[in-house]
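Structure first, commentary second.
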Amino acid sequence: MFFFRMIFRSFSRQFKRRLLIAVTVCLSATVSVAMLGVVFDVGDKLNAELSTYGSNITVQPKADAVVNDLYNTGGDANGNASGTSESDPTTFLKESDAPKIKTIFWAFNITNFAPELNIHADVNCASESVDSSSCKASGVPIVGTWFAKTLHMDSGESTVAGMNGMRSWWKLDGSWPKDDSAQGLIGTTLASKLGVTKGDTVTLYKTTADGSRNKQRITITGIYDSGDSDNNAMYIPSSTAQVLANLPDSIDKIEVKALTTPDNDLARKASKNPNALTQDEWETWYCTAYPSSIAYQIEEVIPGSVAKQVRQVAALQGDVLQKTQAVMVLMTVLSLVAAAIAVANLMAASIGERGSELALLKAIGATDGAVSRLMLAETAVISLVGAIVGALLGSGVAQIVGHVVFGSGITMRPMVFVLVFVLLTLTVLIASFSSIRSILGLKPAEVLHGR
């Protein structure tokens with residue numbers, strides 16, 4: 001009872017210093033919870049944010065991948081249709097195999113994908129409003145793809161895949177074409193060259209491998225601006241492109257957008273040679289959403305394919321994630337250091353002012369341990385109140401950061417609160433240690449006689 005009476009009596013004094021300690025711990029808890037909450041959730045948020053800028057995995061026929069590796073060809077980092085080659089592909093994947101991507105172990109991390117058949121064709125305008133004699137172009141890049149195709153999986157689930165979600169940065173004047181139709185999109189550069197606008201109709205002519213000359217009329221539903229050389233191309237439904245080129249069920253690329261974990265040493269080792277991994281390493285790698293492990297699983301379900309991560313996107317994700325996490329961890333550490341210094345100074349001042357009170361306790365029989373526990377208990381109760389209030393405020397700050405920076409809330413994991421309370425406990429104990437030591441040096445006779 002004596003112990004609890006002393007705690008109650010202590011709370012009635014030095015209110016200002018106790019309030020400052022509580023505020024200091026509260027501010028530190030607020031910063032720590034907010035920053036660590038974002039750190040634990042920032043990986044998925046950054047991946048989702050960066051994935052809006054294109055695919056991070058491409059799938060090609062094995063023969064094409066070998067040629068690309070040997071001669072460093074294959075288009076730009078974004079997987080644009082124009083690339084550097086003006087010849088049509090000679091090796092293909094089956095379009096009917098593309099939905100198998102959603103059957104791999106990490107299927108739920110595949111947020112979107114779109115097959116492509118990249119061919120070249122001659123274009124003539126067929127609109128009465130356009131002078132057809134000047135509206136001609138040869139060797140125009142044509143991309144047969146999906147726009148918003150609904151896929152019904154064997155599991156009974158449905159998913160929508162296509163360029164509508166893969167090219168979110170495009171500026172589109174008009175509407176997206178319908179799949180399996182005679183509609184298409186045209187890039188701003190090509191549209192300006194041909195003098196066509198949305199609603200016009202153009203005719204595509206293609207000489208196939210057997211020498212026949214096929215043609216297909218396409219109604220332009222929209223004009224897109226990609227901001228790069230892809231503006232020279234046209235996008236039409238894959239089924240229409242396959243009929244035009246006489247290449248049924250054929251594609252030469254699949255762009256895949258996936259939520260991934262940034263590469264580490266294990267992922268880099270696996271990307272060079274998965275067979276070089278030990279059994280434990282292989283299981284860890286295969287069951288982690290690294291770009292290389294997702295690519296490996298795609299190769300397993302699509303015959304004759306090679307899946308590769310787009311290095312620029314993967315490297316950017318890892319680099320931005322590490323730097324963002326480092327900044328937030330640094331802010332957390334600095335807030336804890338500042339709290340430790342402030343609590344130490346406030347406790348030292350409090351002990352100095354209460355020297356006669358503490359000396360009297362020792363004079364009437366209290367041990368150094370009892371007096372130290374009294375001060376620690378008082379500080380612990382004050383710090384606990386500050387930490388609880390700070391945790392609530394920190395959760396709110398984390399949501400504000402999430403909505404302002406990423407456009408969505410932050411998922412607060414219980415581990416964040418546990419970690420912050422452990423760190424604050426250690427911080428307060430370390431800060432209190434130097435101040436508590438001064439209690440051991442108090443000599444009741446000297447203090448009470450004013451010496």
>> Give me the atom names and distance for the closest heavy-atom approach of Leu336 to Ser32.
In response: CD2-OG, 3.9 Å
> Do any N or O atoms from the side chain of Ser395 and from the backbone of Ala391 form a donor-acceptor pair under 3.5 angstrom?
Replying inline: yes
>> Once side-chain hydrogen bond (donor to acceptor under 3.5 Å, both in side chains) is applied, do any residues pair with Lys198, and if so which ones, sequence neighbours excluded?
In response: Asp173
> Can you check whether Ala137's main-chain N or O pairs, donor with acceptor, with Lys193's side chain at less than 3.5 Å?
Replying inline: no
> So, Tyr235 versus Trp170, ring centres under 6.0 angstrom or not?
Replying inline: yes
> Sequence neighbours excluded, which residues qualify as side-chain contact (heavy atoms from CB on, under 4.5 Å) partners of Ala289?
Replying inline: Trp106, Asn109, Thr261, Ile294
> Taking only residues at least two apart or on different chains, which pairs with a member in residues 188-216 satisfy ring pair (Phe, Tyr, Trp, His ring centres under 6.0 Å)?
Replying inline: none
> Atom CE in Met331, atom CE in Met35: separation rounded to 0.5 Å?
Replying inline: 4.5 Å
>> If we ignore hydrogens and angles and just use 3.5 Å, is the side chain of Asn124 paired with the main-chain N or O of Val202 as donor and acceptor?
In response: no
> Can you name the nearest heavy-atom pair linking Ala398 to Ile410, along with the distance?
Replying inline: O-CG1, 3.2 Å
>> Under the criterion side chain to side chain contact (heavy atoms under 4.5 Å, CB included), I'd like the reasoning laid out for Ile218 against Leu204: C-alpha separation, chi angles, the key distance, then a yes or no.
In response: CA-CA 7 Å; Ile218 299 294; Leu204 306 182; 3.9 Å; yes
> Taking atom CD1 of Ile251 and atom OG of Ser96, what is their separation to the nearest 0.5 Å?
Replying inline: 8.5 Å
> Do Ile119 and Leu244 have side-chain heavy atoms sitting under 4.5 Å apart?
Replying inline: yes
> Quick one: does Phe147's side chain get under 4.5 Å of Gln183's, heavy atoms only?
Replying inline: no
Contacts table for residues 420-430: side-chain donor-acceptor under 3.5 angstrom, sequence neighbours left out:
| residue | atom | partner | partner atom | Å |
| --- | --- | --- | --- | --- |
| Thr425 | OG1 | Phe421 | O | 2.7 |
| Thr427 | OG1 | Leu423 | O | 2.7 |

> Side chain of Ser192, backbone of Thr188: donor and acceptor closer than 3.5 Å?
Replying inline: no
> Considering all heavy atoms of both residues, which atom of Met234 and which atom of Ile186 are nearest to each other, and what is their separation?
Replying inline: CG-CG1, 3.8 Å
> Taking Ser293 for the side chain and Thr288 for the main chain, is one N or O donor matched with an acceptor at less than 3.5 Å?
Replying inline: yes
>> Could you tell me if the side chain of Leu194 sits less than 4.5 Å from the side chain of Val123, heavy atoms only?
In response: yes
Residues 298-305, side-chain donor-acceptor partners within the protein, below 3.5 Å, at least two apart:
| residue | atom | partner | partner atom | Å |
| --- | --- | --- | --- | --- |
| Glu299 | OE2 | Ala307 | N | 2.9 |
| Glu300 | OE1 | Tyr286 | OH | 2.9 |
| Ser305 | OG | Ile302 | O | 2.7 |

> Rounded to the nearest 0.5 Å, how far does CD of Gln297 lie from CD1 of Ile110?
Replying inline: 8.5 Å
>> For Gln60 and Asp252: C-alpha separation, side-chain torsions, deciding distance, then whether side chain to side chain contact (heavy atoms under 4.5 Å, CB included) applies.
In response: CA-CA 6 Å; Gln60 296 176 277; Asp252 64 292; over 6 Å; no
> Hey, are Arg213 and Thr207 close enough side-chain-wise for a donor-acceptor pair under 3.5 Å?
Replying inline: yes
> Got a second to check how far Leu185's CG is from Ile223's CD1, nearest 0.5 Å?
Replying inline: 9.5 Å
> Is there any salt bridge (Lys or Arg N to Asp or Glu O under 4.0 Å) pair reaching into residues 203-212, and which pairs are they, with sequence neighbours excluded?
Replying inline: Asp88-Lys206
>> Could you tell me if the side chain of Leu93 sits less than 4.5 Å from the side chain of Val59, heavy atoms only?
In response: yes
> Taking C-beta and beyond as the side chain, do Thr201 and Arg217 meet within less than 4.5 Å on heavy atoms?
Replying inline: yes
> By side-chain hydrogen bond (donor to acceptor under 3.5 Å, both in side chains), which residues pair with Tyr224, not counting sequence neighbours?
Replying inline: none
> Hey, mind stepping through Ser335 and Leu27 against side chain to side chain contact (heavy atoms under 4.5 Å, CB included) and telling me if it holds?
Replying inline: CA-CA 8 Å; Ser335 72; Leu27 292 176; over 6 Å; no
> Looking at Cys26 and Leu393, what are the two nearest heavy atoms and their distance?
Replying inline: SG-CD1, 3.9 Å
> Do any pairs count as a salt bridge (Lys or Arg N to Asp or Glu O under 4.0 Å) and have a residue in residues 95-107, sequence neighbours left out, and if so which ones?
Replying inline: Asp97-Lys100
> Considering the options Tyr290, Phe105, Trp285, which one meets the ring pair (Phe, Tyr, Trp, His ring centres under 6.0 Å) requirement together with Tyr296?
Replying inline: Trp285
> What residues form a side-chain contact (heavy atoms from CB on, under 4.5 Å) with Val243, not counting sequence neighbours?
Replying inline: none
>> Quick check on Met415: does its CE atom have over 12 non-hydrogen neighbours (other residues, nucleotides or ligands) under 6.0 Å away?
In response: no
>> Applying side-chain contact (heavy atoms from CB on, under 4.5 Å), can you list everything that pairs with Ser239, at least two apart in sequence or on another chain?
In response: Asp180, Pro237
>> Is it the case that atom NZ in Lys269 sees more than 12 heavy atoms from other parts of the structure closer than 6.0 Å?
In response: yes
>> Which heavy atom of Thr145 sits nearest to which heavy atom of Glu116, and what is that distance?
In response: OG1-CG, 4.3 Å
> Side chains of Asn232 and Ser229: do they bring a donor and an acceptor to under 3.5 Å?
Replying inline: no
> How far does CG of Leu259 sit from OG1 of Thr111, to the nearest 0.5 angstrom?
Replying inline: 5.5 Å
> How far does CD of Gln309 sit from OG of Ser271, to the nearest 0.5 angstrom?
Replying inline: 6.5 Å
> How about Leu419 and Leu36: do any of their side-chain heavy atoms sit closer than 4.5 Å?
Replying inline: yes
>> Please enumerate all residues that pass side-chain hydrogen bond (donor to acceptor under 3.5 Å, both in side chains) together with Thr30, with sequence neighbours excluded.
In response: none
> Given side chains that start at C-beta, do those of Pro141 and His120 come closer than 4.5 Å, heavy atoms only?
Replying inline: yes
> Does Asn246 reach the side chain of Asn214, with side-chain heavy atoms less than 4.5 Å apart?
Replying inline: yes
> Between Phe92 and Asp249, is a side chain to side chain contact (heavy atoms under 4.5 Å, CB included) present by the stated rule, with each step listed?
Replying inline: CA-CA 9 Å; Phe92 304 94; Asp249 198 27; over 6 Å; no
>> By the salt bridge (Lys or Arg N to Asp or Glu O under 4.0 Å) test, which pairs, at least two apart or in different chains, include something from residues 327-337?
In response: none
> What's the shortest heavy-atom distance between Asn164 and Trp176, and which atoms?
Replying inline: OD1-NE1, 3.4 Å
